[in-house]
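Chain letters run A, B, ... following the sequence lines, proteins first, then strands; residues in each count from 1.
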2 protein chains.
Amino acid sequence: MGKSDLKTKNDRTSRLLGLLRTEEHWTTHHLASELNISHRTLMRDLEELKKAGYPIEADRGRGGGVRLNGRWGIERLNLTNKEAISLLLSLSVTEALTEQSNDFGSKGLKQKISTAFPENQLKVINELRKRILIGKLASDSVLRNCNRVNGKIWDDVILAFFDSKRLKFEYCNENTIMTSREFDPHFLLLNWPVWYLLGWDYLSDEVRIFRIDRIRTISMTNQVIIRRARPQFIHAYESYFTNL
Amino acid sequence: MGKSDLKTKNDRTSRLLGLLRTEEHWTTHHLASELNISHRTLMRDLEELKKAGYPIEADRGRGGGVRLNGRWGIERLNLTNKEAISLLLSLSVTEALTEQSNDFGSKGLKQKISTAFPENQLKVINELRKRILIGKLASDSVLRNCNRVNGKIWDDVILAFFDSKRLKFEYCNENTIMTSREFDPHFLLLNWPVWYLLGWDYLSDEVRIFRIDRIRTISMTNQVIIRRARPQFIHAYESYFTNL
DNA sequence: CTTAATATGTCATAAGTTGACATATATTTA
DNA sequence: TAAATATATGTCAACTTATGACATATTAAG
């Protein structure tokens with residue numbers, strides 16, 4: 001029956017949360033009998049959940065009961081590096097869409113998800129978030145000649161971005177001239193639906209921007225990238241941001 | 001010191017997860033001494049975590065040890081209706097971007113997040129996901145005359161969409177002619193960065209699409225929407241999807 | 001002012017957790 | 001192939017925690 005056999009306290013707790021997440025009206029006695037435990041024990045369980053930070057509220061007196069405020073929830077999520085960054089990309093993209101057009105609670109969501117990461121990961125997460133930029137829409141001319149990004153190349157880009165590692169790649173510019181680049185990826189930039197890599201290029205010894213779909217071959221080095229001041233990057237390619 | 005005082009088993013377990021999430025190399029004896037528990041107990045803790053679904057792997061023999069595969073994780077997330085749908089929108093948007101350009105692990109992410117919702121919410125979540133559509137980019141002409149969506153209006157749209165409730169609103173079309181509509185919202189459609197509502201309009205008794213930023217006043221009714229076959233909606237407004 | 005609800009305290013006992021010890025199994029290294 | 005170093009698992013007495021029964025306080029609605 002149901003999700004668990006109620007063998008351990010933890011299982012019972014998650015069953016309790018399940019019950020609270022249904023929209024029904026629960027009294028503590030009702031819950032206790034549903035879970036086959038004494039009323040006292042149920043009250044202790046609720047106390048624990050509250051202490052653990054669950055938004056559980058109660059009304060005393062006739063017609064009272066207990067309720068869980070955030071009824072939609074995720075209990076636990078284990079993410080790989082790639083998935084963590086995907087989630088960040090998702091949130092950044094939606095955030096941009098939100099700022100520009102409307103607020104639909106994703107501000108709170110962003111905050112919640114950010115703070116739901118364990119403390120020791122928070123710093124990295126926030127650092128990465130700042131380095132994902134959402135610019136304007138791709139222009140028609142770009143749109144007309146953009147390609148699918150090769151999966152392996154995207155993976156390396158993402159991993160290097162995640163780990164702050166220097167990249168080596170061969171790039172094919174708009175005139176189909178190939179160059180070999182050494183490059184510190186500082187920012188990921190989206191001009192929907194085209195992704196760019198903004199950073200320091202060692203061939204020109206300058207700030208440069210590269211379209212990821214124009215990278216032909218790539219390899220990640222072990223060299224940690226040298227951080228440089230943020231403004232120079234943003235200013236150098238302001239035109240990519242303007243109309244959003 | 002640290003996050004917890006290790007007073008209860010649960011605290012210890014979360015400390016253990018914290019240790020595993022650092023990228024360090026851990027042997028079980030190392031972990032046991034770090035947590036001030038016997039080796040046997042540590043092995044039991046690991047066993048429990050594995051049973052609970054954590055991707056913990058171990059190598060026997062010299063140089064062996066234990067490791068947690070998804071090192072980036074969220075322990076728990078409580079969401080309101082609005083936040084849950086924001087998360088879904090986020091994922092849908094990114095998913096669309098992904099399908100079109102590349103795979104960066106967000107397929108796995110989508111799956112993970114979806115299955116991380118408790119069973120009783122899964123059905124609703126998946127049902128909603130199917131009703132979020134990502135189309136092509138907004139055309140220049142649309143882009144030039146689109147407005148910010150009023151927050152209250154967006155909230156009502158989202159809530160009605162979430163709860164499958166009929167809407168009443170006043171709509172201002174391209175010729176600035178106002179009409180009063182009764183409307184069953186079946187699909188949310190994004191032509192980045194413009195959101196549409198696709199559904200059944202009772203004024204014309206037909207499938208219709210409305211730009212959300214052109215809704216002037218709105219109210220949600222208690223009437224549950226009447227489900228209709230999906231194809232008629234999609235076919236009626238195919239031009240909104242084409243180039244993606 | 002009665003009834004129905006949550007909230008909290010106490011204590012004997014039931015249930016679960018722990019560490020010590022033993023042993024099995026897998027892998028690397030010499 | 002033997003030694004060393006890991007994880008993996010079983011058992012049991014001692015220990016710790018969780019539980020239910022009972023009591024009582026507190027709050028709100030009718």
Item checked: Pair listing, ring pair (Phe, Tyr, Trp, His ring centres under 6.0 Å) test, anchored in residues 41-64 of chain A, at least two apart -> none

Notebook entry, point to check: Which of residues 16-29 of chain A have a heavy atom under 4.0 Å from DNA chain D?
Noted result: none

Name the atoms and distances for all side-chain donor-acceptor pairs under 3.5 Å in residues 59-66 of chain B, with sequence neighbours left out.
| unit_1 | atom_1 | unit_2 | atom_2 | d |
| --- | --- | --- | --- | --- |
| Asp59(B) | OD1 | Arg67(B) | NH2 | 3.4 |
| Asp59(B) | OD2 | Arg67(B) | NH2 | 2.8 |

Hey, can you pull the donor-acceptor pairs under 3.5 Å for the side chains in residues 158-167 of chain B, sequence neighbours left out?
| unit_1 | atom_1 | unit_2 | atom_2 | d |
| --- | --- | --- | --- | --- |
| Ser164(B) | OG | Arg227(B) | NH2 | 2.9 |
| Arg166(B) | NE | Asp184(B) | OD1 | 2.8 |
| Arg166(B) | NH2 | Tyr202(B) | OH | 2.8 |

Checklist line | Phosphate contact (dT18(C) OP1 or OP2) by Thr41(B) side-chain N/O below 4.0 Å | finding: no

Notebook entry, point to check: Is Leu46(B) touching bases, backbone alone, or none of the nucleic acid, heavy atoms closer than 4.0 Å?
Noted result: nothing

Tabulate atom names and distances for all N/O pairs under 3.5 angstrom spanning the protein and nucleotides 22-24 of chain C.
none

Next item on the list: Measure the distance from CD on Glu47(A) to P on dT19(D) and round it to the nearest whole Å.
Entry: 13 Å

Next item on the list: Anything under 30° is parallel, anything over 60° is perpendicular, the rest tilted; go ahead and classify His39(B) against His29(B).
Entry: parallel

Item checked: All pairs passing salt bridge (charged side-chain N to carboxylate O under 4.0 Å, His left out) where residues 22-32 of chain A contributes a residue, at least two apart -> Glu23(A)-Arg71(A)

Margin query: I'd like to check the side-chain hydrogen bond (donor to acceptor under 3.5 Å, both in side chains) partners of Asn69(B); sequence neighbours left out, ordered by chain and number.
Written below: Glu57(B)

Item checked: Arg12(A) CZ - dA18(D) P separation (whole Å) -> 10 Å

Check: How many Å lie between CG on Asp59(A) and C1' on dA7(C), as a whole number?
Finding: 14 Å

Next item on the list: Round to the nearest Å and state the distance from Glu57(A) atom CD to dT27(D) atom C1'.
Entry: 16 Å

Item checked: Protein-nucleotide distance (His39(A), atom NE2; dA5(C), atom P), rounded to Å -> 10 Å

Notebook entry, point to check: Of all residues at least two apart in sequence or in a different chain, which pass the side-chain hydrogen bond (donor to acceptor under 3.5 Å, both in side chains) check with Arg129(A)?
Noted result: Glu95(A)

Item checked: Protein-nucleotide distance (Met43(A), atom CE; dA5(C), atom P), rounded to Å -> 13 Å

Margin query: Applying side-chain hydrogen bond (donor to acceptor under 3.5 Å, both in side chains), can you list everything that pairs with Ser219(A), at least two apart in sequence or on another chain?
Written below: none

Notebook entry, point to check: How do Arg62(B) and Gly65(A) order along DNA chain C: which one's closest nucleotide is nearer the 5' end?
Noted result: Gly65(A)

Check: Has the side chain of Trp26(B) got a donor or acceptor atom that lies under 3.5 Å from a matching backbone atom of Leu19(B)?
Finding: yes

Note to self: Nearest whole Å is fine: how far is dA18(D) C1' from Asp11(A) CG?
What the structure shows: 15 Å

Notebook entry, point to check: Under 4.0 Å between a side-chain N/O of Lys9(A) and OP1 or OP2 of dA15(C), yes or no?
Noted result: no

Note to self: Distance check needed: dA20(C) P versus Leu42(B) CG, whole Å only.
What the structure shows: 14 Å

Check: Which angle, rounded to 10°, do you find between the first-five-pair axis and the last-five-pair axis of the helix from dC1(C)-dG30(D) to dA30(C)-dT1(D)?
Finding: 50°

Next item on the list: Applying salt bridge (charged side-chain N to carboxylate O under 4.0 Å, His left out), name anything that partners Arg181(A), two or more places apart in sequence or on another chain.
Entry: Asp201(A)

Check: Quick check, are the ring centers of Tyr196(A) and Phe210(A) under 6.0 angstrom apart?
Finding: no

Margin query: Using only modelled atom types and a 3.5 angstrom limit, is any donor from either the side chain of Arg44(B) or the base of dG19(C) paired with an acceptor on the other?
Written below: yes

Note to self: Go nucleotide by nucleotide along DNA chain D from the 5' end; which of Gly61(A) and Ile37(A) gets its closest nucleotide reached first?
What the structure shows: Ile37(A)

Check: With sequence neighbours excluded, what pairs up with Lys130(B) under the side-chain contact (heavy atoms from CB on, under 4.5 Å) test?
Finding: Glu127(B), Arg230(B)

